[in-house]
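The shown structure was predicted, so the numbers you read here are calculated from the model rather than taken from an experiment. Convention: sequence-line order gives letters A, B, ...; per-chain numbering from 1. The figures that follow rest on heavy atoms only: side chains count, while hydrogens, waters and symmetry mates do not.
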Amino acid sequence: MQCTPITHSGYQLFQQGSITLAEMECNGIRIDTDYINRAQKQLNVKIQKLTVRMQKDEVYRIWKRKYGVKMNFGSREQLGDVVFNELEGTHGTRTKTGRYKADKAALENIDLLFLRRYTKLEQFKKASSTYLKGIQRHVDSEGFIHPFFALDTVRTFRSSSTDPNLHNIPVREPFIKKLIRRGFIPREPNRHIVEHDFSGIEVKTAACYNHDPTLLRYIRDKKSDMHRDMCMQIYHLTINEYTDALRHCAKNKFVFPEFYGDWYINCAKSLWNVVNQLHLKTKTGEDVYKHLRRHGITKLGHCTPGETPLPHSFEGHVKRVEKDFWENRFRVYTEWKWDWWEDYLDRGFFDTLTGFRIAGAMDRKKVINYPIQGSAFHCLLWCITRINKLLRKYKMKTKLIGQIHDSVIGDVLHRELKDYIEIAHQVMTIDLRKHWSWIIVPMDVDAEVSPMGRSWFEKEKYKP
DNA sequence: CAACAAAGCGCG
DNA sequence: AAAGCGCGCTTTGTTG
């Protein structure tokens, strides 16, 4: 892995950053080991009960009849074979090795209780084997884990985390989130877990590269809202009809994927299917499919690459939204993407705003995404180094214990709470921008604090 | 038995 | 012409 800071600033960032990350690793995170052990036992009971319930299902019997003693309930290959070859009215797509694709998204297209339960079971197994077991494996004799952070493994000059990986602790599914995060506690009863998150840092970093006026306005004008606007356009909603849930879909199933280089066919499928999966309604309580029908959209469409979308299809609509998105709304962003790609083709490398050179063979999407992803993380890395220095300068007992790409986690002494939050806020919103003049947009940070002595799960938005 | 690749899923 | 960026970890299945 090539790791080439090209400027003094980039070199300093990684030299100092390495030390900060090593200190975090050394500090470690206190684990409520009794809780984790209890949770593991309870979860295994749930897994057992669900497995027994599923054994009475007709699909299970078909599976058993076909595979006999070779039946393996954990085998997606066998599941795909049973679902797509033995059941009526199912048709699957295949992976590049010829197996049936049998991931969560593929199974969700089939309306079967057995498959809903299978997905839930797999989720529980993941929580048990990767997270609870992973934590148990790594706790030291004092009840601490020491997630490791590497700076020399990631193509974009982000960091990675291992043993255990602190970068993918569950948060999106509420039950699993609580199950796992409840086990991360402050090192003493008179402390808090405190997490500071940069909000929208990748979008802001992108804007610092491409200087797109529309994107800059969305960032600077607090009354404007890019995800809301896209939500309204995608689902044909007025300002009075959109909901937070629909806005969330637009953000995560259109805007971010498009920024990363996805295209309308994938976006249309997931934007359409999520309506059914989450039973989404408009603010006025209307079914979203019904609402779209009133606006002339009656079906998803075939979503076949190379084929023209059918009239009155959602696919065709999203294709037009995508065209408008890149040709009108973010025209300057589009121009930057082409210019940046051309410059890379001429030179064989590109330099980040944070002082790194990324060279070697890359396709167009990588060339666009790498500098943005890397620079966004470098903002966080600079901040944690600065915060750490200030903690030492003021002889504080608060310790930094982890980092998740755009957030920093502190184990904060109760009497230092106000000071710590003041310091982190100052560094992340003011000092960072003084350090890097290329940051031409405001930086915002959200602080979340656990009640004294309570877990990471229990953190709440900080109110002074 | 070990080593490896593929598939899948957790996160930003 | 191709068709989502970056990771780490676990299980399954194959190979030797």
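If you check every strand for non-hydrogen atoms under 4.0 Å, A:S161 touches sugar and phosphate atoms only. Among the atoms of the strands shown, only primed sugar atoms or phosphate atoms (P, OP1, OP2) are found under 4.0 Å from some heavy atom of A:A102. Across all strands shown, A:R364 has no heavy atoms under 4.0 Å from either base or sugar-phosphate atoms. Nucleic acid contact class of A:I265 (heavy atoms, under 4.0 Å, all strands): none.
Pair assignment for C:dT14: B:dA3, on the basis of Watson-Crick or G-U wobble contacts that are both within less than 3.5 Å. Across all strands shown, C:dG4 forms no Watson-Crick or G-U wobble pair with both distances under 3.5 Å.
The aromatic rings of A:F254 and A:F325 stand perpendicular to each other, their planes meeting at an angle above 60°, with 30° marking the opposite boundary.
In summary, the side chains of A:W63 and A:Q78 do present a donor paired with an acceptor at a separation below 3.5 Å, with no hydrogens or angles considered. No side-chain N or O of A:E195 forms a donor-acceptor pair with one of A:Y462 less than 3.5 Å apart.
At a threshold of 4.0 Å, the pair A:R137-A:D163 does not count as salt-bridged, since none of the basic side-chain nitrogens sits closer than that to a carboxylate oxygen.
In the set C:dC5, C:dC7, C:dG13, C:dC5 carries the atom at the smallest distance from any side-chain atom of A:K366. Checking B:dC9, C:dC5, C:dA3 against the side-chain heavy atoms of A:N369 singles out C:dC5 as nearest.
In this pair, A:Y260 does not lay its aromatic ring on the base of C:dG4; centres under 5.5 Å and planes under 30 degrees do not both hold.
The P atoms of C:dG4 and B:dA7 are separated by 16 Å, rounded to the nearest whole Å.
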